[in-house]
Amino acid sequence: MDDKLIAAVEQLNEDKVFKLVEKRLKAGKDPVYLQEQIRLGMLKVGILYEKGEYFIADLIMAGEIVKNVLKIILAKPEDQHHNKTGTILLGTVQGDLHDIGKNIFASMVEAEGFEVIDLGIDVPPEEFVVKTKEIQPQIIAMSGVLTLALESMKKTVAALTAAGLRDQVKILIGGNPVNRISCDYIGADAFTNNTDEGVTYCKNWVAG
Ligand code: B12
């Protein structure tokens with residue numbers, strides 16, 4: 001574990017986070033490892049928020065720092081892939097505005113050659129339905145960090161089923177509150193709170 005980097009994120013020390021990340025990247029550290037350290041720092045931010053030591057403004061600041069530093073960590077070399085692996089329709093579900101985990105997942109599947117149509121945050125079920133008809137993705141990936149996101153995911157799968165689209169797509173759900181029980185309740189094909197595992201699901205699905 002990279003204690004220094006984790007602490008810099010926890011202390012919302014943007015300068016230090018950037019300096020440490022740049023240093024680690026130059027030294028050849030794996031971007032996926034660095035991204036995981038950032039996530040661990042964010043977990044500590046969440047704990048301080050729960051304890052009442054940090055406030056919403058701190059969460060917003062933490063979100064901005066991480067968003068900016070991930071641009072450096074996940075910057076991908078141009079022309080990495082020429083053949084499209086598949087298409088993924090992605091979004092943070094209705095009522096949820098958290099997008100850092102979603103954005104990490106997007107960068108990772110793009111690096112594997114997937115085309116990602118990112119609907120952004122607070123995406124209503126109907127928007128997933130309309131875009132699924134339009135784009136015909138092989139995979140729909142939904143992100144949610146709040147507990148309430150589980151209900152939105154369930155509504156989204158129900159809306160896809162009602163529109164007759166459910167059987168045409170694989171559905172992946174990701175984020176802190178997802179687990180086997182919620183996956184069954186929602187009616188998704190797979191769940192994970194680990195982006196690497198999410199990428200593996202997507203690769204396996206398009207490989208048949
Ligand atoms: C930053 C942050 C915010 C920022 C978000 C900025 C942004 N652009 O995303 C802001 C300030 C907007 C915010 C707002 C709120 N937040 Co907030 N937030 C956080 C915090 C500190 C970090 C979240 C984060 O980005 N983590 C880092 C990323 C990398 O981790 P991640 O999102 O979990 O994603 C990883 C996996 O889950 C997974 N993953 C995620 N999505 C997907 C999708 C796919 C397809 C796959 C494969 C994988 C995957 O991969 C990622 C990488 O490992 C967490 C605390 C925590 N411990 O998580 C609270 C937290 C999530 N927030 C919380 C709360 C309560 C709120 C507010 C309600 C606060 C309020 N009173 O207003 C609002 C809700 C706004 C809304 N409607 O969404 C609670 C949620 C409690 C709950 N169980 O519902 C938490 C847990 C804090 C706490 N401990 O109380 N928040």
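When a ligand or atom number is given, it counts from 1 through the structure's own listing order.
- The structure places CD1 of Ile139 at 9.5 Å from NZ of Lys170, a figure rounded to the nearest 0.5 Å.
- Shown in contact with Ile104 at under 4.0 Å from a heavy atom are these atoms of ligand 1, numbered in order with element: 29 (C).
- Closest heavy-atom approach to atom 56 (C) of ligand 1 among the candidates Met42, Lys51, Met142: Met42.
- Residues Pro31 and Leu25 share a closest heavy-atom pair of CG-CD2, 4.5 Å.
- When hydrogens are left out, the protein atom nearest atom 51 (C) of ligand 1 is Gly101 CA, 3.7 Å; that is the closest non-hydrogen contact.
- Of the inter-residue distances, the one linking Asp122 atom CG with Glu127 atom CD reads 9.5 Å to the nearest 0.5 angstrom.
- Distance screen at 4.0 Å: atom 54 (C) of ligand 1 has no protein heavy-atom neighbour inside the cut-off.
- By the 4.0 Å N-to-carboxylate-O rule, Glu36 lies close enough to Arg39 to be salt-bridged with it.
- Regarding atom 41 (N) of ligand 1, its nearest protein heavy-atom neighbour is Ser143 OG, 2.7 Å.
- Of all protein heavy atoms, the one closest to atom 82 (C) of ligand 1 is Thr147 OG1, 3.5 Å.
- Distance remark: protein heavy atom not present below 4.0 angstrom from atom 86 (C) of ligand 1.
- Side chain of Gln138 to main chain of Thr87: a donor-acceptor pair is present (N/O by atom type, distance under 3.5 Å, no hydrogens or angles).
- Residue Asn176 approaches ligand 1 through these ligand atoms, each under 4.0 Å from one of its heavy atoms: 33 (O), 37 (O), 58 (O).
- Counting only heavy atoms of the protein, atom 48 (C) of ligand 1 lies nearest to Gly174 CA, 3.8 Å.
- What sits closest to atom 50 (O) of ligand 1 on the protein, heavy atoms only, is Thr195 CG2, 3.4 Å.
- For atom 17 (Co) of ligand 1, protein N, O or S atoms under 2.8 Å: 1 in total.
- Interface atoms of ligand 1 facing Asp96, defined by a heavy-atom separation under 4.0 Å, are 78 (O).
- Near Lys67, with a cut-off below 4.0 Å to any heavy atom, the atoms of ligand 1 are 8 (N).
- Counting only heavy atoms of the protein, atom 8 (N) of ligand 1 lies nearest to Asp99 OD1, 2.7 Å.
- Of all non-hydrogen atoms in Thr132 and Pro137, the two that sit nearest each other are O-CD, 3.6 Å.
- One finds the CE atom of Met42 at 11.5 Å from the CG atom of Leu40 (value rounded to the nearest 0.5 Å).
- Ile135 CD1 to Glu115 CD: the interatomic distance, rounded to the nearest 0.5 Å, is 8.0 Å.
- Among all protein heavy atoms, the one lying closest to atom 52 (C) of ligand 1 is Arg39 CD, 3.6 Å.
- A salt bridge is defined here as a Lys NZ or Arg NE, NH1 or NH2 lying under 4.0 Å from an Asp or Glu carboxylate O, and Asp2 with Lys29 fails to meet this definition.
- Within a 4.0 Å radius of atom 61 (C) of ligand 1, the protein contributes one or more non-hydrogen atoms.
- Tyr54 places a side-chain N or O within donor-acceptor distance of the main-chain N or O of Glu10, the cut-off being under 3.5 Å.
- Atoms of ligand 1 found under 4.0 Å from any heavy atom of Leu43, numbered from 1 in the order shown, are 57 (N).
- Interface of Thr192 with ligand 1, defined as ligand atoms under 4.0 Å from a residue heavy atom, comprises 47 (C).
- Remark: the backbone N or O of Ile121 is not paired with any side-chain donor or acceptor of Thr92 at under 3.5 angstrom.
- The contact set between ligand 1 and Ala141, taken as ligand atoms under 4.0 Å from a residue heavy atom, comprises 45 (C).
- The nearest non-hydrogen atom to atom 25 (O) of ligand 1, considering only Leu90, Ile100, Ile47, comes from Ile100.
- Nearest non-hydrogen protein atom to atom 77 (N) of ligand 1 is Gly95 O, 2.9 Å.
- Protein non-hydrogen atoms do reach within 4.0 Å of atom 80 (C) of ligand 1.
- Every N/O-N/O distance between Asn194 and ligand 1 stays at or above 3.5 Å.
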In a table with atom names and distances, give each donor-acceptor pair under 3.5 Å that connects a side chain of residues 182-195 to protein atoms at least two apart or in another chain.
from, atom 1, to, atom 2, distance (Å)
Ser182, OG, Asn179, N, 2.8
Ser182, OG, Asn179, O, 3.1
Ser182, OG, Asn179, OD1, 2.9
Asp184, OD1, Arg180, NH1, 2.8
Tyr185, OH, Glu151, OE2, 2.5
Asp189, OD1, Arg166, NH2, 3.2
Asp189, OD2, Arg166, NH1, 3.3
Asp189, OD2, Arg166, NH2, 3.0
Asp189, OD2, Ile171, N, 2.7
Thr192, OG1, Asn194, N, 2.8
Thr192, OG1, Asn194, O, 3.1
Thr192, OG1, Glu197, OE1, 2.7
Asn194, OD1, Asp196, N, 2.8
Asn194, OD1, Glu197, N, 2.9

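- In this structure, Lys16 NZ and Lys4 NZ are separated by 7.0 Å, a value rounded to the nearest 0.5 Å.
- Heavy atoms only, all atoms of each residue included: Asp96 and Ala149 are closest at OD2-CB, 3.7 Å.
- A pairwise comparison of heavy atoms in Leu12 and Met61 identifies O-CE, 3.8 Å as the closest pair.
- Residue Ile60 has at least one heavy-atom neighbour below 4.0 Å for each of these atoms of ligand 1: 11 (C).
- Rounded to the nearest 0.5 angstrom, Glu112 CD and Ile88 CD1 are separated by 10.0 Å.
- Looking at Asp58, its side chain does come within 3.5 Å of a backbone N or O of Phe55 through a donor-acceptor pair.
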